[in-house]
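All values below were derived from every heavy atom in this structure, side-chain atoms included, with hydrogens, water molecules and symmetry-related copies excluded. Residue numbers start at 1 and run along the sequence shown.
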Amino acid sequence: MTDPDAAPPTPDRAALVAHARETIARGSKSFAAASMLFDRTTRERVWLLYAWCRACDDIADEQELGGELGTTPGGNAAERLATIRRLTDLAMAGLPTANPNFDALGVVARECGLTRAMAEDVIDGFALDAQDWTPRCEADLLRYCFHVAGAVGVMMAVVMGVAPDDDDTLDRACDLGLAFQLGNIARDVAEDDRGGRCYLPAEWLAEADIPPGEQLRPCYRKALVNVAQRLATLAADYEASARVGAAKLGYRQRWAILSAAGIYGAIARKVAAGGPRVWDARVFTSRGEKIAHVLRAGLQAIWRPDTGPRPEWSRTRLKALVNQTGACQQEA
C-alpha cells in the first residue's frame, strides 16, 4: 500500500527533459523551432525552464498550453497564485513537487544558478492578473511586460551562460522578452477581451477616442489598428536593443535568439499591417516563414554589433517601479 504521507519520488532528469520537450512542442512551435539551434545542454535547459513558465501561465489563467483563458469567476485567483508560489518554493529548495513542470525548474535552477528572486519577478506578473490589474499608461504596460516576459528573458540568458552580474547583457535579454510580449498583446486583443482582460493602456485608448471595453466594436477598429501599430513600434525598439545583447552569446545561442526575434517580431508586424479585421483570426507565422527567419538569422549572427539603441524603459528602471505605488505617477 502506498503511504499517502510519503514524500514524492525524486524526479528523473531525462524524464523531465522529455516532458519539457513535449510541452514546448505543443505550447510554442515558434520557440520550439528556435530552441533546436542550441547545443544539447542549453537546449534541454531552455526546455526545462519553458515548462515551468508554461505551467505557471496555465495555472494562473486556467488554460491549457496557452489556449483560451479560463472563464471561472476570479474568486480562486489567489488560490491559483498561492499554488504557483508553493510549488516554486519547493522546486527552488531542491525538493520534489509531484509536478514535472515545477520539478523541471528545480533541475535547471540547480544547474544554472537561477535564484528565487528571479522566479519571483515572473510570478509577480501573475499576481497582477490575479488582481484584475489593467495598465493606465505606457509605464504600466512595460512593467507588466517585464514581469511576464522580460524577467523570463533574464532567466533564459542565465541558462544560456550569461553571468548573473552582467547587467548590460541581462538588460538586453529583458528587452527581447519585452518585445515578445508587446507583440503578443497586439495579437491577442480579441482573445484577452473574451477572457475579460485588456492590456492596452487606458491612456492610449483615450487618445484614440476608444471607450473602455469597446475596442473591438467595428466603429473603433480603425483606431485600434493605430494602437496596435504603436505596440509594434515599441516592440521593434526593444527587439533592436536585444539584438545587440545577443552579440555576447556564442554563435549557436546567438543564432537561436535572433531566429526567435525574427519569428516573434514578424507577428507584431503582421498585426500592425493587418488592418481592422486582423483580430478575426489568430495571426501566426507559417512553417515556411519560420524557416526563412532561421536562415536569415544564421547570417545575421555572423555580425556582432557592440552598441545600439537603448529604449527609455530599461530593466533597471522598470524594476525600480516594482516597489513603488504607481508606475504612471512615477512616470509623471
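Interatomic distance, CZ of R194 versus CG of L216, reported as 9.0 Å (0.5 Å rounding). Considering CG of L234 and CD1 of I185, their distance stands at 9.5 Å, rounded to 0.5 Å. Considering NZ of K319 and CG of D124, their distance stands at 9.0 Å, rounded to 0.5 Å. For the atom pair W303 CH2 and R243 CZ, the distance stands at 10.0 Å (nearest 0.5 Å). Atom-to-atom distance recorded for M118:CE and M156:CE is 13.0 Å, nearest 0.5 angstrom. Distance check, rounded to the nearest 0.5 Å: OH of Y50 to CG of L105 gives 15.0 Å.
When each of I24, V159, V107 is tested with L48 by the rule side chain to side chain contact (heavy atoms under 4.5 Å, CB included), just one qualifies, namely V107.
Between D57 and F126, the closest side-chain pair of non-hydrogen atoms falls below 4.5 Å. R252 places a side-chain heavy atom less than 4.5 Å from the side chain of R43. Between C56 and V122, the closest side-chain pair of non-hydrogen atoms is not below 4.5 Å. Taking the side chain as every heavy atom from C-beta outward, V158 and L114 approach each other to under 4.5 Å. Contact of the P311 side chain with the D175 side chain is registered, since non-hydrogen atoms from C-beta on lie closer than 4.5 Å. Contact annotation: the side chain of I257 never approaches that of L37 to less than 4.5 Å [non-hydrogen atoms, C-beta and beyond]. Counting heavy atoms from C-beta on, the side chains of C198 and L205 come closer than 4.5 Å. Using a 4.5 Å heavy-atom threshold, the side chains of V244 and S241 count as separate.
Across all non-hydrogen atoms, the minimal contact from A91 to R110 is O-NH1, 4.3 Å. Considering all non-hydrogen atoms of both residues, A20 and A51 come closest at CB-CB, 4.0 Å. Among all heavy-atom pairs drawn from I210 and Q215, the shortest one is CG2-CA, 3.5 Å. The two residues V148 and G125 make their nearest non-hydrogen contact at CG1-CA, 3.8 Å. Nearest heavy-atom pair, F146 versus C174, reported as atom, atom and distance to 0.1 Å: CD1-SG, 3.6 Å. L170 and A157 make their closest contact through CD2-CB, 3.7 Å (heavy atoms, listed as atom of the first residue, atom of the second, distance).
Taking a cutoff of 4.0 Å between a charged side-chain nitrogen and a carboxylate oxygen, D237 and R310 do not qualify as a salt bridge. Here D121 does not pair with R116 in a salt bridge; the nearest charged N to carboxylate O distance is not below 4.0 Å. Salt bridge status for D168 with K248: present, with a side-chain N to carboxylate O gap under 4.0 Å. A salt bridge links E214 and R217; the closest N-O separation between the charged side-chain nitrogens and carboxylate oxygens is under 4.0 Å. Remark: R86 does not engage D89 in a salt bridge, criterion side-chain N to carboxylate O under 4.0 Å.
There is no side-chain donor-acceptor pair under 3.5 Å between D103 and H19. Judged by distance alone, the side chains of Y199 and D129 do bring a donor and an acceptor atom under 3.5 Å apart. At a cut-off of 3.5 Å, with distance as the only test, a side-chain donor of S35 or W47 sits close to an acceptor on the other residue. A side-chain donor from one of Y264 and S28 sits under 3.5 Å from a side-chain acceptor of the other. Judged purely by distance below 3.5 Å, without hydrogens or angles, the side chains of N226 and R230 never pair a donor atom with an acceptor atom.
For F284, the CZ atom sits in a loose shell: 12 or fewer heavy atoms of surrounding residues, nucleotides or ligands are nearer than 6.0 Å. In the displayed structure, R221 atom CZ is contacted under 6.0 Å by more than 12 heavy atoms of other residues, nucleotides or ligands.
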Discussion item. For a side chain to side chain contact (heavy atoms under 4.5 Å, CB included) check, start with the C-alpha distance between R85 and T88, then their side-chain angles and the critical distance, and finish with the verdict.
Written reply: CA-CA 5 Å; R85 284 205 162 103; T88 299; 5.7 Å; no

Worksheet item: Does the salt bridge (charged side-chain N to carboxylate O under 4.0 Å, His left out) test come out yes or no for D61 and R197, once each step is laid out?
Response: CA-CA 11 Å; D61 290 340; R197 294 179 180 173; 2.7 Å; yes

Worksheet item: Please walk me through it: do L81 and I123 pass side chain to side chain contact (heavy atoms under 4.5 Å, CB included)?
Response: CA-CA 8 Å; L81 183 62; I123 294 172; 3.8 Å; yes

Worksheet item: Could you go step by step and tell me if R80 and D58 meet the salt bridge (charged side-chain N to carboxylate O under 4.0 Å, His left out) rule?
Response: CA-CA 10 Å; R80 297 196 299 272; D58 285 351; over 6 Å; no

Worksheet item: After noting the C-alpha distance and the side-chain angles of L128 and H147, does the key distance pass the side chain to side chain contact (heavy atoms under 4.5 Å, CB included) rule?
Response: CA-CA 9 Å; L128 291 175; H147 284 303; 4.0 Å; yes

Worksheet entry | Test log, rule side chain to side chain contact (heavy atoms under 4.5 Å, CB included), inputs C145 and L182 | CA-CA 7 Å; C145 291; L182 289 164; 4.0 Å; yes

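Side chain of T42 to backbone of F38: no donor-acceptor contact under 3.5 angstrom is found. Of the possible donor and acceptor atoms, one in the side chain of W255 sits under 3.5 Å from a partner among the backbone N and O of V294. Side-chain atoms of D12 come within 3.5 Å of backbone atoms of A15 as a donor-acceptor pair (strictly under, hydrogens ignored). In this structure, Q253 contributes its side chain and M160 its backbone to a donor-acceptor pair below 3.5 Å. Remark: side-chain polar atoms of R172 are not paired, donor with acceptor, to backbone N or O of A242 under 3.5 angstrom. When atom types are taken as modelled, the side chain of W279 and the backbone of A186 share a donor-acceptor pair closer than 3.5 angstrom. In this structure a side-chain-to-backbone donor-acceptor pair under 3.5 Å is present from R254 to A301. No side-chain donor-acceptor contact under 3.5 Å links R136 to the backbone of A202.
Residues passing the salt bridge (Lys or Arg N to Asp or Glu O under 4.0 Å) test with R13 are E44, E111, sequence neighbours excluded. The side-chain hydrogen bond (donor to acceptor under 3.5 Å, both in side chains) test applied to R315 returns D167, D171, not counting sequence neighbours.
One hydrophobic cluster holds both M36 and L249 under the rule that ILVMFWY side chains link at heavy-atom gaps under 4.5 Å. Under the 4.5 Å side-chain heavy-atom criterion for Ile, Leu, Val, Met, Phe, Trp and Tyr, L224 and V283 are members of the same hydrophobic cluster. Residue V17 is grouped with residue L49 when hydrophobic side chains (ILVMFWY) are merged at heavy-atom distances under 4.5 angstrom, including chains of intermediate members. Placement of Y144 and V227 within a single hydrophobic cluster is found when ILVMFWY residues are connected by side-chain heavy-atom separations under 4.5 Å, directly or transitively. I84 and M155 fall within a single hydrophobic cluster, where Ile, Leu, Val, Met, Phe, Trp and Tyr side chains are chained together by heavy-atom contacts under 4.5 Å.
Cation-pi check for R317 over W313 is met; the charged atom lies under 6.0 angstrom from the ring centroid and within 45 degrees of its normal.
Among residues at least two apart or in separate chains, salt bridge (charged side-chain N to carboxylate O under 4.0 Å, His left out) pairs with a member in residues 258-274 are E239-R269, K270-E289.
Ring orientation note: the planes of W52 and F102 are nearly perpendicular, at an angle over 60° on the 30°/60° scale.
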